[in-house]
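Notes to accompany the following structure.
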Amino acid sequence: MAKSEENARGIRIAIDRGGTFTDCVGNPGTGKMEDDVLIKLLSVDPQNYDDAPLEGIRRLLSKFTGKEIPRGEPLDTSMIESIRMGTTVATNALLERKGEKIAMVVTKGFKDCLEIGNQSRPNIFDLAIRKPDVLYRKVLEIEERVTLEDYAEDPYRNQTEAEAIEKAGKDAQLVRGLSGEAVRILQRPSEDTIRKQLQELYDDGIRSIAVCLMHGYTFPSHEALVGKIARDMGFDHVSLSHELMPMIKLVPRATSACADAYLTPAIRKYTSGFAAGFEGGLGTESVKEEVGSKGTRCEFMQSDGGLVDVNSFSGLRAILSGPAGGVVGYALTSYDPNTNIPVIGFDMGGTSTDVSRYGSGRYDHVFETTTAGVTIQSPQLDINTVAAGGGSRLFWRNGLFVVGPESASAHPGPACYRKGGPLTITDANLFLGRLLPDFFPKIFGKNEDEGLDEEASKKLFEDLAKDINSDVAQGDKEKEMSLDEIAYGFIKIANETMTRPIRSLTEARGHDTSKHRLATFGGAGGQHAVAIAEALGISQILVHRYSSVLSAYGMALADVVDERQEPDSKVWSDSKDVRQYLQAKMNDLKEKSTATLKDQGFTEEQIHFEEYLNMRYRGTESALMIVKPSKEEAEKEYGGDEWAYGKAFVKQHEQEFGFTLPDRDIIVDDVRARGIGKTFEGLEKTVDQQLKEIKPKDLGKEDKLYGRRSVYFEEGRQDTAIYRLEDLEVGDRIKGPAIIADGTQTIIITPGASALIINTHVVINIGESEIQGKQVNVKEVDPIMLSIFAHRFMAIAEQMGRALQKTSVSTNVKERLDYSCALFDSDGGLVANAPHLPVHLGSMSTCVRKQAEIWKGNLKRGDVLVSNHPMFGGTHLPDITVITPAFSGDNIVFYVASRAHHADIGGILPGSMPPHSRELFQEGAAIKSEKLVSQGNFNEKRITDLLYKEPAQYPGCSGTRCLSDNLNDLKAQVAANQKGINLISALIEDYGEDVVRFYMKNIQDNAEQSVKKLLKNVYERFKGQDLSAVDYMDDGSPIKLKVTIEPDKGEAVFDFTGTGPEVYGNTNAPQAVTYSAIIYCLRCLISEDIPLNQGCLKPIRVIIPEKCFLSPSEKAAVVGGNVLTSQRITDVVLKAFRACAASQGDTNNLTFGFGGNQSGREEVKGFGYYETISGGSGAGPTWDGTSGVHTHMTNTRITDSEVFERRYPVILREFSLRPGSRGLGQHPGGDGVIRDIEFRIPVQVSILSERRVYHPYGLEGGEDAECGLNIWVRKVERTDEMADHGDVATNGTNGVEVTAEKDEKGREHEVEYRYINMGAKNTASMQPGERIIVQTPGGGGWGKVGEESKAVKSHDPKHAWRGGSIAERQATAEASA
């Protein structure tokens, strides 16, 4: 910015107020790095000062003016050019749930939309389901409703024309929304009613409200009306969802509005308190006013990496305020646009480790993230917490070294902080000599004047070593591990834990991790950076001189940003009309942005724009934010066309997902302009320019040495040189092992690596890895290696999954992530499986073993097998398994397999999930055992016959309805398997085949020991009691179980004798399903993270009688077995172990659609939709049940209500909790839900459900929950006879509702709506205006009603983690079961 008064007013201040420390960077106005002053002070120190940022500014001003300013005196702003800040005020209010008391205003029928959320549960194996608390105190439902007139899945692509909202007039039924879609107004709200409702809230003391109405993103009039009334009535803060983020999706938009209403008042309170500490005002307005001592510019960092004026800073955009500064800091100091090497940011502090990525000169933004359990829609930098930082706690559990996710947090902190804290990574670094107490601030102990306590760390390691050695050595002194080995083991496991998500961040977006640089910052980053870089294959690390205050430095470098966005629905084309329409919309957003930025003192020359279109292929949900190509890019790639968004989208889609869909429309969902006010004109020289010019000189042995100490590395303790960063000069090169430190950071240079000092950074070049060529013993199990291999095997399965997702094309695989990848030993025993989908856990191994037997001795390199038949280890037919053997010489050393849910594989109904199938052939193609690939050749003809031709030969059946998707997904599965084989081959190259096979076996033994331990504990708990249970399917079929435990061996027999016979229906469950249910239940009961593999089943013998419905014959229908019977088996196992009351025991599978290609008829174009609906979860000995959530064997998300109405011809009348459906007790169960769907065109509707007859049971005296109920609201024309019989016009209470309607010719006639019970499994042709109301079962209660509750509120250690794209991916994967 141009300086207002030369030098008199030039001080620039940037501050990051973190959880523990507040960092300040001040510059007197020269802009030169050497003139900067850095200050670090405690964020909370009430004995000395009230507000850390004010104290920091006071100290900086005292330093720059040369005279001490007394505390408490208002600070003179006339010398300050600008103050920039990042703050954790919003994050802390969210974490601690200490925001404003708010109410949410929502459309009638959706009052529980945030409590239900997307209906999936956060931790798949936690029986005590914890969903984050909602932010509001009250909900107000408004009687108003609009819907979209057309639907995206319409095969004929009809589009209704309508006038724009402002032109249509106030009584119009149809208008054109902001997104260009036709909106039908079903009910307008009444102003008087709204006023009365709001008055009640006001009288209750609520002053801040969040308003989010259905389709408010495109039709904001009703929201705006509520907002106007509320403001007129005197509400202090009103958050309207369409103003904050006009994007489709009711739940994230409503949560965002609530977060804003909840946090903004807290931020306003803070900023006004902060401003009160100055003599002049703060912010743009005060600068303009020029009253008294002139005001100064003050900007706050937003979550998107841009600054905003203090007066416009809002809660919604403040959540990542602090960490965003760090990303800006490393992006602008470590990236060079000329060499274009992308950078991974690694920010390891005391309480969290965050990773992010910067490449191509632009920030990676995400638009839906979860922080502190709150999912919000707002542009945010893609920052991901991957570990709990230096405070990560260390555990020895079930024979494995475990690091985190629990944290010692800031209080009490690590053991060495002298507050009686637990053992952490910081303690391990200190004990190994990797942390230097001399350089650490002396702020510990009673009087806050002592250094780190090395003895405390040592004592806790000695205690832990006793436990570890008693398990590992069992009395043999020679096998005992030293304290050094144990502490270093934890460091290695911590590094493994962090590298897996970093790899996920880069690879999931189609980037190669090894082609990046690692920029490390934060207090603890330097101690781990080299090991992390080595593991990722990265060869160069950049550590900025300010790395410990990089967030504050980032604020100093950042730009002021103004973000604008509007929804759209245009189909992209290169035609003039479409471009002009979108350009006009973009220009409108740019004009508004320019006005705002000019208002803040920027000139035209300083304002730049990034212009984005949010685009996706029709029928998919994976939208990509496409930036307008730069001039150079347009010249090089698109023949000079700077508006080549379509081509840019296709290119990015290819890079990120590995394919394109040339025959599909590209839809523009949103138009976005990011206005940037440039405040900073580039650094002196980039890293690459400095590296070119520098002539390195190696330091001699004693040159510039600060001291030496013994430090532990891979080869043991080594005498290590220590240097002070300030003593080193530009050009000095130091060979490892060495430590470079200053007052705020410690950088470890391992043997084989070297560090070069340049003007702005320490550059570490990685030489030979410490690990290469290390001999691993295969006689004894090394628990550290065992823990490392557990991570490595899981990482391979995860990377296979990413390869599968990237190369597949179907929505099921690409977006719902409904797949599993796994690796198996040479016998077909499961070694590692990702993601952990309960229903795939035990069953894939059955399939691989069966195929290994069939093809023994007949497989060659390049062969790949395919199977989905229930008798061969399949679960249900849509889940197709692809298996690839890996050879060493002529021997198979291991197998890899991937199983994916295919959207259709033929049968009697689209979707291949018929509710009334009786024979297996009705459910689609059944493949027992075939070669999909023979020695590298894909057998396309054979697989086409199996999927398309053979199923169509059966009566009433069709072949697959999406053959090209099937073939593409199968090829993607083959590619994913190949990826797995390459990765294990690389592991074998590093460690040797013997070692890899040795640890494959031992990781299974480890799981076996964990299960044995569990069974022994269960025996102790129920000594002599009978562990048996029985429960029934709705057709009366019993599932009977008796568990007999042998306590000495820790083994058990699960005997299902007495279970009912095979049924002539589809609830038969293949044997593999029972194994999956048992593994799932055991993992829930162990309630600790153990490797899930074949070992879990080794101590267990399962007896399933032949010919019962858990061991059906070859031709029996099984589609309901996978989704319904699996839930009942789980209920029975958990009942036998007295673990918890029954959950809803159902998945409520609802399908509707029309069209298909049945044999002998012409193909009809149509669509199909499938969803599963949540219910209540069962209560347990220490928890209440949870309402509106998926349980046990399923965890799928529900389509968002607005997206549901945009894609399909439906009106969702209600989606809310079902009060009174829970079982009561000392701990009550959870309530089920009500889902009321009205159809707007004729469709075939099918429901496949359970627990409509037998109630979900209560335990220990708790009451049963209500059964579910499926109602068809059917339209019947009313005749005179009906009237004569005296039917009363009621609202459905006796099953009848009467109304007058017009027929096609406009004649009025009476129709009545009859409420008809459909039963649990049925299908019906429904007409326009008819509805299905699914009321799902609740969860059973635990303990007698009236007894005192013993429910424990447990804390989720990851509650405070920042969830960017990695967390979203993980959650999506776990929600695809």
Side-chain angles (χ1 to χ4, degrees), residues 90-91 93-95 97 99-100 102-107 110-118 131-136 139-140 178-179 208-220 222-224 226-227 230 237-267 302-304 306 308 312-321 324 365-383 563-567 614 623 625 669-670 672 1200-1203 1362-1365 1367-1368 1371:
T91 323
L94 198 56
L95 289 173
R97 294 293 194 260
E100 193 72 6
I102 68 161
M104 174 175 80
V105 180
V106 72
T107 303
F110 296 92
K111 67 176 190 302
D112 302 313
C113 67
L114 297 194
E115 209 163 316
I116 299 170
N118 63 16
K131 279 174 127 180
D133 301 329
V134 292
L135 299 177
Y136 53 77
V139 181
L140 193 130
L178 299 180
S179 59
S208 180
I209 63 167
V211 185
C212 184
L213 304 180
M214 274 289 279
H215 302 293
Y217 69 96
T218 186
F219 182 80
H222 292 176
E223 276 190 14
V226 176
H237 184 83
V238 180
S239 295
L240 303 180
S241 80
H242 73 272
E243 289 179 352
L244 292 166
M245 196 67 193
M247 275 179 113
I248 190 168
K249 281 195 185 175
L250 178 74
V251 170
R253 210 173 62 252
T255 323
S256 306
C258 286
D260 191 69
Y262 186 74
L263 298 172
T264 302
I267 284 211
Q302 301 189 109
S303 306
D304 64 358
V308 68
S312 310
F313 191 44
S314 80
L316 180 62
R317 302 212 159 175
I319 291 170
L320 296 184
S321 175
H365 285 113
V366 280
F367 292 83
E368 208 173 290
T369 52
T370 305
T371 302
V374 178
T375 300
I376 57 170
Q377 262 188 346
S378 173
Q380 301 192 33
L381 292 174
D382 188 6
I383 299 173
E563 277 264 6
R564 309 249 161 191
Q565 186 167 320
E566 271 202 14
N614 195 24
M625 236 346 137
D669 273 343
D670 304 274
R672 169 180 166 226
D1200 185 86
S1201 305
E1202 290 179 344
V1203 175
R1362 287 176 265 279
S1365 59
E1368 174 53 25

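Everything numeric here is computed off the predicted structure, so don't read it as measured data.
Not a single ring-ring contact (aromatic ring centres under 6.0 Å, His included) links Tyr217 to another residue, sequence neighbours left out. Considering only residues two or more places apart in sequence or on other chains, Lys249 meets the side-chain contact (heavy atoms from CB on, under 4.5 Å) condition with Pro252, Glu368, Gln377, Asp1200, Val1203. Judged as a side chain to side chain donor-acceptor pair (under 3.5 Å), and not counting sequence neighbours, the contacts of Gln380 are Thr369. Residues forming a side chain to side chain donor-acceptor pair (under 3.5 Å) with Thr375 (at least two apart in sequence, or on another chain): Thr370. Applying the side chain to side chain donor-acceptor pair (under 3.5 Å) rule to Ser241 yields the partners Glu223, Arg253; only residues at least two apart in sequence or on another chain are considered. For the side-chain contact (heavy atoms from CB on, under 4.5 Å) test, residues two or more places apart in sequence or in another chain that qualify with Thr264 are His237, Asp260, Arg268, Ser314. Legend: residues meeting salt bridge (charged side-chain N to carboxylate O under 4.0 Å, His left out) with Glu563, ordered by chain and number and at least two apart, are Arg672, Arg674. For Ala266, the side-chain contact (heavy atoms from CB on, under 4.5 Å) criterion is met by no residue, not counting sequence neighbours. For the side-chain contact (heavy atoms from CB on, under 4.5 Å) test, residues two or more places apart in sequence or in another chain that qualify with Pro132 are Arg97. Residues satisfying the ring-ring contact (aromatic ring centres under 6.0 Å, His included) criterion with Phe219, sequence neighbours excluded, are His222.
Side-chain contact between Pro379 and Met245: present, with at least one pair of heavy atoms (C-beta onward) separated by less than 4.5 Å. Counting heavy atoms from C-beta outward, Gln302 and Ser378 have side chains that stay 4.5 Å or more apart. Inter-residue side-chain proximity for Pro246 and Leu178 is flagged as unmet; no heavy-atom pair is nearer than 4.5 Å.
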Does the pair Tyr136 and Leu114 meet the rule for a side chain to side chain contact (heavy atoms under 4.5 Å, CB included), with working shown?
CA-CA 10 Å; Tyr136 53 77; Leu114 297 194; 4.0 Å; yes

- request: Report the C-alpha separation of Asp112 and Val139 in whole Å, then their side-chain angles, then the decisive distance to 0.1 Å, and conclude whether the side chain to side chain contact (heavy atoms under 4.5 Å, CB included) test is met.
  value: CA-CA 8 Å; Asp112 302 313; Val139 181; over 6 Å; no

Quiz item: Hey, mind stepping through His365 and Leu381 against side chain to side chain contact (heavy atoms under 4.5 Å, CB included) and telling me if it holds?
Solution: CA-CA 5 Å; His365 285 113; Leu381 292 174; 3.7 Å; yes

Exercise for the section: Step by step, work out the side chain to side chain contact (heavy atoms under 4.5 Å, CB included) result for Val134 and Cys258. Expected result: CA-CA 9 Å; Val134 292; Cys258 286; over 6 Å; no

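The two residues Lys131 and Ile116 have their closest heavy-atom pair at NZ-O, 3.1 Å. Nearest heavy-atom pair, Ser179 versus Thr218, reported as atom, atom and distance to 0.1 Å: OG-OG1, 2.8 Å. Shortest non-hydrogen contact noted between Val238 and Ala230 is CG2-CB, 3.9 Å. In terms of heavy atoms, Ala259 sits closest to Ile376 at CB-CG2, 4.1 Å. Closest heavy-atom contact between Ser321 and Ser303: N-OG, 4.4 Å. Residues Ala257 and Leu244 approach most closely at CA-CD1, 3.6 Å, considering heavy atoms.
Between the CG atom of Asp669 and the CD atom of Glu566 there is a distance of 14.0 Å, given to the nearest 0.5 Å. Distance check: Tyr262 OH to Thr255 OG1 gives 14.0 Å after rounding to the nearest 0.5 Å. From Leu140, atom CG reaches atom CD1 of Ile209 across 8.0 Å, with rounding to the nearest 0.5 Å. Summarising the geometry, atom CG belonging to Asp670 is positioned 5.5 Å from atom CE belonging to Met625; distances are rounded to the nearest 0.5 Å. How far CE of Met214 is from SG of Cys113: 9.5 Å, rounded to the nearest 0.5 Å. Here the straight-line distance linking atom CG of Leu320 with atom CD1 of Ile383 works out to 5.0 Å at 0.5 Å rounding.
No donor-acceptor distance shorter than 3.5 angstrom exists from the side chain of Ser208 to the backbone of Glu100, with no hydrogens or angles considered.
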